[in-house]
Amino acid sequence: MRLFFSKQNTIYTLKMKYNFSEIEQKWKQYWKDQNTYAVSNDIDKPKHYVLDMFPYPSGAGLHVGHPLGYIASDIYSRFKRMQGYNVLHPMGFDAFGLPAEQYALDTGQHPAVTTEKNIARYKEQLDNIGFSYDWSREVQTCDPKYYKWTQWIFTQLFHSWYNTATGKAAPIAALIAIFEAEGNAQYPAPKGTVQFTAAEWASYDETTQRNVLMQYRLAYLDHAEVWWCEALATVLANDEVVNGVSERGGHPVEKRKMRQWFLRITSYADNLLHSLDKLEWSEAMKEMQRNWIGKSEGAQITFGIDNSDAQIEVFTTRPDTIFGVDFMVLAPEHELVLSITTEEQKAAVETYIAYVKSRSERERMAEKKISGCFTGAYAIHPLSKKLIPVWISEYVLAGYGTGAIMAVPSGDERDFAFAQHFNIEITNIFGTHFTGEKAYTDKNVTIENSEFVSGMSIADATQAVLKSVEESNSGRRTTNFRLRDAGFSRQRYWGEPFPIVYKNNIPYTIDEPALDLKEADRSLPVLLPHVDTYKPGPNGEGPLANIDSFVNVTNNKGEVLRRETNTMPGYAGSSWYFLRYMDPNNEHLFVQPELAQYWNQVDLYVGGTEHAVGHLLYSRFWTKALHDLGFITFDEPFRKLLNQGMIQGSSRFVYRIAGTNQFVSSGLKNEYTTNALHVDVSMVDGTELDMEAFKNWRAEYADATFILEDGKYICGSEVEKMSKSKYNVVNPDEIVSQYGADTFRLYEMFLGPIEMSKPWDTKGIEGVHRFLKKLWRLFFDEQTEQWLVTDEDATKDELKALHKTIKKVSDDIEKFSFNTTVSQFMIVTNELHDLKCHKKAVLEPLVCLLAPFAPHLAEELWHKLGNEYSIAHASFPVYDEQYLIESSKLYPVAINGKHRTNMEFAMEAAQDDIEKEVLANEVVQKWMEGKPHKKIIFVKGRMINVIV
RNA sequence: GCGGAUGUGGUGAAAUUGGUAGACACGCUAGACUUAGGAUCUAGUGCCGCGAGGCUUGGGGGUUCGAGUCCCUCCAUCCGCACCA
């Protein structure tokens, strides 16, 4: 049996050993007592705002992947603070959401209770890692003091419209004034078709007027499809629907239209697109937003229907191909489908629609199998007057464009595949370019076989067709966006209630005089009521519909009115939280203007790419709307964005021989038929399984037997997402207690570039831990328990090592290249050990450099060096070029591009002299094999290459 | 399907942006010190080869005196896709 010696024994016998747990506890307490990280609104100081995407506090707690970005932003914050900036670096919680509600459904525990518990746990875990947050500025989106202002912003959006003439949101009162003066001829509704004069407007009753205004509001009611599960009598989120059935219970689901709130983000599509240019985000991230917004220029063209008054509007980016139209395709949900379908096709169309109802949008887009159904109807070509069959197919989506396309199989791949599959004859409009084998999609071509545009380029043909359809009133130029208005309703409990009450089925915000609500019901926040059950309400409504005392409001006239029972989605609270940190306790304003002006944009925003198009787009939209309405002075929330990668789990597998309780080691598994099973990574050292631990893991493995290789059971491994179900989760608390927070912080940074995904490997942490111990030994002799630091003057070599490090560290932090910074710390520590340097003149600046990375250890050494204030307020060292100048360079010398030897030359040596010396060199002569040199390439300070 | 990214030793990675590929670590091998080692120190460690030397940055091709880096092409893996947040 092996003997294990406890760490504690050694720690207490050697006092001067690096005792991270003692050090870290001491300074955490000190920072707390001294309020070291409290941020004042000192508006005379230069500011820097460093923000993390706040977490959703899940029941599972943090795993080692979560803090990666937090560590990076903390390093940057501490760095900026030491450079003299007033740094706002807050943290909070995105605390409304589906998981807490699901947990409540399963266990009956109130989401408020579990959320509070989870937040407490998160804070404890975060504090463990030594972050420099100002917790007095914490926000929680589920706190009524916070969501009061989320509701307030919603109210502003409800009472606003987007004025296309000014390109800005404006109060709805201004729109009403316009309607009263001139009707809406100059201000058509974004998606509506109503037109009226001032006189007509005046003649409308309140209901009609409100309905018209609804078509303009930035927050508005409309109808949209949601996943409906009859068995659960509820609406489901996309990820609650798996393989076409509900995740819970596996019940069938279908899409159903419901009245929902929306935010008119599409009004800002162009603005959101163009102002990307002024942001310091990665091109990849901007590209994702551009694609999401999906601007495309084209035309909307109207096709009549034979024997019908109905008209089909299509959107196309290729009006030039209009004479190549061989069929039309409507989205199966298109409103005209049932009315134009002929009797003979009715049954087939209905069957097809039923099939599509069970399909998610993503399935439809990814589907390679072609499907569709002929409606029996024929459209009339607006120019050639030819009759064109009208089909429906899932590849046309109702939400994009007009939900209908003109199909040009010779020029579009999907149309081509569709035509082939259904044997639709293809018109060739590209002459010899189109072979009949596949669609011709190249844009550099002459259009043929197309009446008056034959022989034209695509550009010319596009203009000619547009002119023609505009003249015949059958089409117009339009810009289409892929971006859709944001669905803002959830039929759920755990979210912000809407500050909306209905009167005569018309929504009003609670403060509107028309409702005449009692004082108590007229002010924000509308509190989320306590419930006893989280079951859905009737008719697909959320749980709030079950609570009569919430739903019914009696106004001053004694009328019983009805509250909105939907709640807001998860992104409501997260769309503006960065503003609240600036002034978190203000009871009168969502943020005081002077503070918003001072703290301004977030200078560095750190978070994962998974938010590329959701959260980041919505926050930009809210910021722009708040800016237009005059509440803040900037129209982009996040100036610079840093995306951290994911830390993946490294899973371990054992291989059970099929039908037995015998497990075979990884290397021998191919000799048997086996099933791979995840095992908990904590039972595996590297890849070697602790067989005893495994037997004790679960009763079913108690009498497991093993087939070993070299006396060991070796596990298989695979990199996967870190998750409980894969038993590969590593908890930061464990790492911190074993190695300390400073080691943990350094190791996460050392793992690789911050924006890259990488697997977690606990084994590698020894390296950085060793480095900290080695650094410690520059200050202390562990054997003699002596403080080694002296006041001697530093040598040239020592200063060079120091200043090289100052330069590298400062440059790398600005580039967010933290992994190379840690390497540099290791390099300089190795160098100082070799130089036996224990001089304060070198070590003190070094401690300051290290402070953002390993704040506890740095604080300890800083105080041991005789400083009385926190290192958080020390100055970051600045390098001096004079210590870095090199007088000579060891050049690599290559012959014909192959590196053969190295030769040292003075930096100032003349090229002629260098060439002479190189040619005279023995090694060089050997490789030149007596041949004359053609030329010599000399790059000063870099290399020498001799060509023969 | 669309969009975004990534491929370099046994492993995580570095490379001054076109100039000595593999810094810094992990792991491994050998040794020193030690009552002990999961402390510390020393040496070695991309691959092939006894050696001289050759090969090597996912595969193939190209530009260049010189390519991990630029261009073309193919392959593989990961992430997102609108009600998870």
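Letters go in sequence order (proteins before strands), and every chain restarts at 1.
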Pick the nucleotide of RNA chain B nearest each of A/K889 and A/T609; which residue has the one closer to the 5' end?
A/K889
Quick check on RNA chain B: between A/L751 and A/G764, whose nearest nucleotide comes earlier from the 5' end?
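Its nearest nucleotide lies further toward 5', so the answer is A/L751.
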Please determine if a side-chain N or O atom of [X] lies less than 4.0 Å away from the OP1 or OP2 oxygen of [N].
| X | N | value |
| --- | --- | --- |
| A/K721 | B/G80 | yes |
| A/N945 | B/U64 | no |
| A/R484 | B/A82 | no |
| A/N819 | B/A14 | yes |
| A/K763 | B/U11 | no |
| A/R770 | B/C26 | yes |
| A/R364 | B/C81 | no |

Between [M] and [N], how far apart are the [atom1] atoms? Round to whole Å, please.
| N | M | atom1 | value |
| --- | --- | --- | --- |
| B/U57 | B/C50 | P | 23 Å |
| B/C65 | B/G12 | C1' | 35 Å |
| B/U11 | B/G22 | C1' | 13 Å |
| B/C24 | B/G31 | P | 25 Å |
| B/G68 | B/A15 | P | 16 Å |
| B/U8 | B/U69 | P | 14 Å |
| B/U63 | B/G18 | C1' | 12 Å |
| B/G46 | B/A23 | C1' | 14 Å |

Before accepting this row, confirm whether a basic side-chain N of the pair A/E831/A/K804 lies closer than 4.0 Å to the acidic partner's carboxylate O.
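Yes, A/E831 and A/K804 are salt-bridged.
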Are the charged groups of A/R364 and A/E333 less than 4.0 angstrom apart, N to O?
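Salt bridge flag = yes for A/E333 with A/R364.
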Do the side chains of [Y] and [X] get nearer than 4.5 Å, heavy atoms only?
| X | Y | answer |
| --- | --- | --- |
| A/D690 | A/V684 | no |
| A/E766 | A/Y739 | yes |
| A/Q260 | A/D222 | no |

Quick one: label [X] by what it contacts on the DNA or RNA (base, sugar-phosphate, nothing), any heavy atom closer than 4.0 Å.
| X | answer |
| --- | --- |
| A/K774 | sugar-phosphate |
| A/L483 | base |
| A/I827 | sugar-phosphate |
| A/S58 | nothing |
| A/R482 | base |
| A/G614 | nothing |
| A/Q491 | base |
| A/P753 | sugar-phosphate |
| A/H615 | nothing |
| A/W292 | base |
| A/F825 | nothing |

Closest to the [X] side chain: [options]?
| X | options | value |
| --- | --- | --- |
| A/I937 | B/C65, B/G12, B/U16 | B/C65 |
| A/K773 | B/A39, B/G4, B/C24 | B/A39 |
| A/M646 | B/G4, B/C79, B/U6 | B/C79 |
| A/T820 | B/A14, B/G4, B/C78 | B/A14 |
| A/F750 | B/C83, B/G12, B/C41 | B/G12 |
| A/K926 | B/C24, B/G53, B/G27 | B/G53 |
| A/M756 | B/G19, B/A25, B/U6 | B/U6 |
| A/V939 | B/G19, B/C55, B/U20 | B/G19 |
| A/W927 | B/A85, B/G27, B/G54 | B/G54 |

Which of A/N643, A/L642, A/I754 passes side chain to side chain contact (heavy atoms under 4.5 Å, CB included) with A/V606? Answer is A/L642
Using the six-membered ring wherever Trp is involved, compare the ring planes of A/Y747 and A/W760 and label them parallel, tilted or perpendicular (cut-offs 30° and 60°).
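A/Y747 vs A/W760 ring planes: perpendicular.
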Distance-only donor-acceptor test (3.5 Å): side chain A/Q260, base B/C83
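Answer is yes: a donor-acceptor pair is held.
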With rounding to the nearest 0.5 angstrom, report the CZ to OG1 distance, A/R492 to A/T565.
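If we round to the nearest 0.5 Å, A/R492:CZ and A/T565:OG1 are 13.0 Å apart.
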If you measure from CD on A/Q644 to NE2 on A/H66, what distance do you get to the nearest 0.5 Å?
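Rounded to the nearest 0.5 Å, the CD-NE2 separation comes to 10.0 Å.
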Testing the basics here: between A/T266 and A/R484, what is the closest heavy-atom pair and its distance to 0.1 Å?
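Taking A/T266 first and A/R484 second, the nearest heavy atoms are CG2-C, 3.6 Å.
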Treating a pair as Watson-Crick (purine N1 to pyrimidine N3 plus N6-O4 or O6-N4) or G-U wobble (N1-O2 and O6-N3) with both distances under 3.5 Å, list the stems of 3 or more consecutive pairs that involve RNA chain B.
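Output for stems: B:1-7 with B:75-81, B:10-12 with B:24-26, B:27-32 with B:40-45, B:46-48 with B:53-55, B:58-62 with B:70-74.
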Below 6.0 angstrom between ring centroids: does that apply to A/Y493 and A/Y534?
yes
Take the protein atom CD of A/E287 and the nucleotide atom P of B/G3, then report the distance between them rounded to whole Å.
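Rounded to whole Å, this separation is 9 Å.
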